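Computation of the quantities below employed the complete heavy-atom set of this structure, encompassing side-chain atoms and omitting hydrogens, waters and symmetry-equivalent molecules. Everything quoted here is computed from the prediction, not taken from an experiment.
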Amino acid sequence: HRSALSSVSMLASARPARALATRPSVVSFAGALAWRVTRSGVPPTCVIPSDLSTSANASSSSARSQPGATGSSTRRGSVVTSATGKKGGKSSSNASGLLSGVHPDSVEQVGRIVEKAQAASDRWGVEITGFLDPALAADAAMAIGRAADVTAMPWGGHVRAERVRLVMGRKETLGEPWEAKEEQEETDGTTDGGEDVDTENRDSNPSVSNSPDSFRQIASDENGVVVLVQITGNFVFDTADHRDFLGAILGTGIDRGKIGDVYVSGERGAFVMCDPAMGEFLGTALTSVRTVPVRCAVVPLSELKLPKPRVDQFTTIEASMRLDAVASAGFRMSRAKMNDLIVAGAVRVNWREGCKPKTLVAAGDVISLRGKGRVEIGAVGETAKGKFQVDVVRYL
């Protein structure tokens, strides 16, 4: 018996410490064998390494129901650890699936937005983002659309807004968005004097839900998440443009995510879409734009009058779909000048910076040029000579 014990002890002591940590079942078996031979002392217990203790504890309930308790808890612990790893991989795979196709610059932001959307779905509530630029809003809406039991509805003060807030939740909670008929009336009913965004008529629609979490209530004038601020001043002798108004607003310390679209109304001032809390703040914080004293007040959304969009539609033939080639044709300027503007950072594709002259564009892309409006690429075909026939819509 003593010789057996000494042999086992020598084997255990000769084994490296790292091996003991990684194979505790062998040591436990050796100790159990020695105890059975001597029948003295206290039966040895398996010492589980710290990195496996969590897995072993998680599987303790199943260990008690299985035979061969000696050393078996360690083996089961290692199996549980492996299963946990697979589960983590599955979760990671689901996350990457939702974010597939999202622009690399937006992955982190979109991931946070998707988490908020799923949280709203889990508690049958509503989550609302800050104001998002069109590119980020499109990526977030695409990712949320892949998730189950949650939807996202954009709202920026009116149906043609570029910067929008995403109202996220279950469809049963949000209800229906604005009717297609109402949107069509806004587009077709525009007069030369401007377009009146009539929210009062919408709220009086009998089909509008009275739930405070419904999209129509969230997008209303009374309890809405977007308010309209009118900035008035005399800009006859000191004209201010979009950048001047936006710069003055951000100069008060407001975060960009709290501000939506800015509409300059000529010599009279501007209208600004913003978060309700920021609407009250601007009333006291914004006192001047450039050298002109201004007054700010929250007004109904129906006070906003948008001019009828001016568009120029035409078709161009290009040898390639490079950005400098299509943009020069769309904005009707020389390719060399457009190349310089792209290098200077004045051109964006789908509202994203950092594009290059050789960047390839495709149907559906939007090219914007600072101070010159934007160009939307329509259908792209191929001519008999192998060139590209591109339909272009320029918004002036």
Would you mind listing every salt bridge (Lys or Arg N to Asp or Glu O under 4.0 Å) that reaches into residues 374-393, with sequence neighbours excluded? E162-R374

Assign the ring pair W155 / F215 to parallel, tilted or perpendicular, where the plane angle (0 to 90°) is split at 30° and 60°. perpendicular

Do any N or O atoms from the side chain of [X] and from the backbone of [Y] form a donor-acceptor pair under 3.5 angstrom?
X	Y	value
S220	Q217	yes
R290	D238	no
R256	I259	yes
R146	S100	yes
D340	K337	no
D261	R163	yes

Within 6.0 angstrom of R123 CZ, more than 12 heavy atoms from elsewhere: yes

Neighbour count >12 (heavy atoms, 6.0 Å) for atom NZ, K372: no

Distance check, rounded to the nearest 0.5 Å: [X] atom [atom1] versus [Y] atom [atom2]?
X	Y	atom1	atom2	result
L174	I218	CG	CD1	6.0 Å
M153	I144	CE	CD1	11.5 Å
R335	N339	CZ	CG	8.0 Å
R394	F331	CZ	CZ	6.0 Å
E127	M168	CD	CE	6.0 Å
M278	C296	CE	SG	13.0 Å

If you look only at distance, which donor and acceptor atoms sit under 3.5 Å apart when one is on a side chain in residues 129-137 and the other is two or more places apart or in another chain?
unit_1, atom_1, unit_2, atom_2, d
T129, OG1, L166, N, 2.9
D133, OD1, A135, N, 3.1
D133, OD1, L136, N, 2.8

Only one of Y263, F235, F271 passes ring-ring contact (aromatic ring centres under 6.0 Å, His included) with F245, and that residue is F235

Using the test side-chain contact (heavy atoms from CB on, under 4.5 Å), find all partners of [X] that sit at least two apart in sequence or belong to another chain.
X	value
A248	L286, V289
L360	R322
H103	D105, S106, D139, R352
T232	Q230, R295

Side chains of M321 and V390 in contact at under 4.5 Å (non-hydrogen atoms): yes

K358 and L323, any side-chain heavy atoms less than 4.5 Å apart: no

